[in-house]
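Atom set for the values below is all heavy atoms of this structure, side chains included, hydrogens, waters and symmetry mates excluded.
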Amino acid sequence: MDKKFVDLHTHSYRSDGTVSPEALVVLAKQRNLAAIALTDHDTLEGLAEFMAAGKKHNVPTIAGIEMACRYDKFHQPEIHIVGLGFDETAPSFTEYLANLQAERLRRNSEMIQKLCDIGLPCTVDELVKTSGGHVITRAHFGTLLMQKGYVKDRSEAFEKYIGDGCPAFLPRSLPTAQNIIEQIHRGGGVAILAHPTLYRLDFGQLDDLCKEYVSYGLDGIECYYSTYTPNQRKAVLRLAKKHGLLPSGGSDFHGDNKPNIQLGIGMGHLEVPYACWSALQANLPDIQ
Ligand code: AMP
Ligand code: FE
Ligand code: FE
Ligand code: ZN
């Protein structure tokens, strides 16, 4: 029998991707994936359409989310945690996410003000028009600055204006890792450390981070990811084994916002075994 593969990390236009939740399911079917999770940033908005599309197209779909916290040690990178397999209708999530979104709204209007102050007039309404949902990230600021003709592409927007430390950048104030992990468990999901190689931490520092997050109940870690080299994959698998973390992984597909990343296969060679999802599924906690 053919080997079965899954994609446990993807984004729709409900956060900073460019395709609809249903289109993700259709793509998953075309790629013959055995299951797919939608993990939009800070929102469950796309999940009703996504789960319904799974039934319609006969593709197993998994409710997911991606949330950020800050790691206080070293250079304080923003760490991403993916939640998988929770009950997307659990009321405990809704209020929690409403608070995160309120914080984003506040930050967005302050960043718009900063852009106006440096001579790039723009409005919150214009920003909202660049998105398909309530979660508006700096990716949308990039699109807006491009549409306005202030920059030639998104990279220039990040380099000159909205990248970390740039004149119109504001850091987000974020919940703690412990808080996010507990929230995911309360909804009946498993908590996964996303793309550990993207934080500019070496493997010694990641070892410390895993130890700390395991004490909060972290369940898994992304051992398969679009940008990993074979050596990085092996190193993350070793980290998983050492800390008793279950391997997970995905493409981090964002549609046209990351044009070099394809669903399921990443940059061409990604293969996330179905067994990852079976093992994670067997570890889903009861809803509290
Ligand atoms: P935020 O959560 O609002 O800080 O924004 C995060 C979004 O900005 C994600 O979609 C990232 O992929 C995108 N992003 C962050 N840095 C860059 C960059 N240098 N170039 C392009 N996109 C970026
Ligand atoms: Fe993203
Ligand atoms: Fe991420
Ligand atoms: Zn992601």
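In this structure, CD1 on Ile81 lies 10.5 Å from CD on Gln178, to the nearest 0.5 angstrom. Within the model, atoms OG1 of Thr130 and CE of Met146 stand 10.0 Å from one another, a figure rounded to the nearest 0.5 Å. Here Leu24 contributes atom CG and Tyr13 contributes atom OH; the two are 10.0 Å apart, rounded to the nearest 0.5 Å. Atom-to-atom distance recorded for Asp16:CG and Ser12:OG is 9.0 Å, nearest 0.5 angstrom. Note that the CD1 atom of Ile136 and the CG atom of Asp42 stand 12.5 Å from one another [nearest 0.5 Å]. A distance of 9.0 Å separates NE2 of His195 from CD1 of Ile79, quoted to the nearest 0.5 Å.
Salt bridge status for Glu271 with Lys3: absent, with no side-chain N to carboxylate O gap under 4.0 Å.
Side-chain atoms of Pro247 and Leu237, non-hydrogen and from C-beta on, do get closer than 4.5 Å to each other. Using a 4.5 Å cut-off on side-chain heavy atoms (C-beta onward), Glu103 and Leu174 make no contact. When side chains are defined from C-beta on, Ser20 counts as touching Glu49, because their heavy atoms get closer than 4.5 Å. Inter-residue side-chain proximity for Asp7 and Leu33 is flagged as met; some heavy-atom pair is nearer than 4.5 Å. The side-chain heavy atoms of Tyr213 and Cys69, taken from C-beta on, include a pair separated by under 4.5 Å. Looking at heavy atoms from C-beta onward, Leu284 lies out of side-chain contact with Leu84 at the 4.5 angstrom threshold. No side-chain heavy atom of Glu182 sits under 4.5 Å from any side-chain heavy atom of Tyr216. Looking at heavy atoms from C-beta onward, Leu145 lies in side-chain contact with Leu115 at the 4.5 angstrom threshold.
No side-chain donor-acceptor contact under 3.5 Å links Ser15 to the backbone of His11. Not one N or O on the side chain of Arg104 forms a donor-acceptor pair closer than 3.5 Å with the backbone of Val135. Put simply, the side chain of Ser215 gets close to the backbone of Glu212: a donor and an acceptor are under 3.5 Å apart. Distance alone, capped at 3.5 Å, places no donor-acceptor pair between the Asp256 side chain and the Pro259 backbone. A side-chain donor-acceptor contact under 3.5 Å links Asp202 to the backbone of Gln205. Counting only distance, with no hydrogens or angles, the side chain of Asn283 and the backbone of Ala279 share a donor-acceptor pair below 3.5 Å. Using modelled atom types, one side-chain atom of Arg14 and one backbone atom of Gly132 make a donor-acceptor pair closer than 3.5 Å. Here the side chain of His75 pairs a donor or acceptor atom with the backbone of Arg200 at under 3.5 angstrom. The closest donor-acceptor contact from the side chain of Glu110 to the backbone of Arg107 lies at 3.5 Å or more, if one exists at all. Listed for the Lys29 side chain is no donor-acceptor partner under 3.5 Å among the backbone atoms of Val59.
Across every non-hydrogen atom of Ser226 and Met267, the tightest pair is O-SD, 3.8 Å. The shortest non-hydrogen separation linking Pro196 to Glu222 is CD-O, 3.7 Å. Nearest heavy atoms, Ile261 versus Ser251: CG2-O, 3.3 Å. Scanning both residues, Cys210 and Ile221, for their nearest heavy atoms gives SG-CD1, 4.0 Å. The shortest heavy-atom contact between Cys223 and Ala240 is SG-CB, 3.8 Å. The minimum heavy-atom distance between Phe158 and Ala139, with the atom names listed, is CZ-N, 4.1 Å.
The environment of CG in Asn260 is crowded: more than 12 heavy-atom neighbours from other residues, nucleotides or ligands sit within 6.0 Å. Other residues, nucleotides and ligands contribute more than 12 heavy atoms inside 6.0 Å of the NZ atom of Lys148. Atom CD of Glu95 is surrounded by 12 or fewer heavy atoms from other residues, nucleotides or ligands within 6.0 Å. Around the NZ atom of Lys56, the shell of radius 6.0 Å holds no more than 12 heavy atoms that belong to other residues, nucleotides or ligands.
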_Go through it in stages, so that I can follow the logic: the residues are His9 and Val272, the test is side chain to side chain contact (heavy atoms under 4.5 Å, CB included), and I'd like the CA-CA distance, side-chain angles, deciding distance and then a yes or no._
CA-CA 10 Å; His9 188 154; Val272 187; over 6 Å; no
*Applying side chain to side chain donor-acceptor pair (under 3.5 Å), run through Asp117 and Gln113 and close with a yes or a no.*
CA-CA 6 Å; Asp117 291 348; Gln113 188 56 50; 3.0 Å; yes
_Is there a side chain to side chain contact (heavy atoms under 4.5 Å, CB included) between Ile265 and Arg31? Walk through the geometry before answering._
CA-CA 9 Å; Ile265 57 172; Arg31 292 230 178 271; 3.9 Å; yes
_As a quick check of understanding, evaluate side chain to side chain contact (heavy atoms under 4.5 Å, CB included) for Asn32 and Phe5, giving each step before the final call._
CA-CA 8 Å; Asn32 245 334; Phe5 299 106; over 6 Å; no
*Please assess Phe86 against Phe93 for the test ring-ring contact (aromatic ring centres under 6.0 Å, His included), listing each intermediate value before the final yes or no.*
CA-CA 10 Å; Phe86 49 81; Phe93 253 124; 4.7 Å; yes
*Kindly indicate, with the supporting measurements, whether the criterion side chain to side chain contact (heavy atoms under 4.5 Å, CB included) is fulfilled by Asp207 and Leu239.*
CA-CA 7 Å; Asp207 191 60; Leu239 207 55; 3.8 Å; yes
_Full working for side chain to side chain donor-acceptor pair (under 3.5 Å) between Asp219 and His185_ = CA-CA 10 Å; Asp219 303 282; His185 286 163; 2.8 Å; yes
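Hydrophobic clustering, with ILVMFWY side chains joined whenever heavy atoms are under 4.5 angstrom apart, keeps Ile192 apart from Val236. A single hydrophobic cluster is not seen to contain both Leu8 and Val25; linkage of ILVMFWY side chains at heavy-atom distances under 4.5 Å, directly or through other members, places them apart. In the hydrophobic cluster analysis, where Ile, Leu, Val, Met, Phe, Trp and Tyr join through side-chain heavy atoms closer than 4.5 angstrom, Tyr161 is grouped together with Val124. In the hydrophobic clustering of this structure, Val190 does not group with Leu209; members are Ile, Leu, Val, Met, Phe, Trp, Tyr whose side-chain heavy atoms approach within less than 4.5 Å, directly or through other members. At a threshold of 4.5 Å between side-chain heavy atoms, the hydrophobic network of Ile, Leu, Val, Met, Phe, Trp and Tyr places Val214 and Val82 in two separate groups.
Side-chain contact annotation: Arg186 with Gln183, donor-acceptor N/O pair under 3.5 Å present. Of the N and O atoms on the side chains of Thr123 and Asp125, not one donor lies less than 3.5 Å from an acceptor on the other residue. Defined by atom type and a distance below 3.5 Å, a donor-acceptor pair is missing between the side-chain atoms of Asn108 and His140.
Aromatic ring pairs are classed by plane angle as parallel below 30°, tilted from 30° to 60° and perpendicular above 60°; the pair His80 and His41 is perpendicular.
Residues satisfying the side-chain hydrogen bond (donor to acceptor under 3.5 Å, both in side chains) criterion with Asp208, sequence neighbours excluded, are absent altogether.
The aromatic ring centroids of Tyr71 and Tyr199 lie 6.0 Å or more from each other. The distance between the ring centers of Tyr228 and Tyr225 falls below 6.0 angstrom.
Within the structure, ring pair (Phe, Tyr, Trp, His ring centres under 6.0 Å) contacts touching residues 100-126 (residues at least two apart or in different chains) do not occur.
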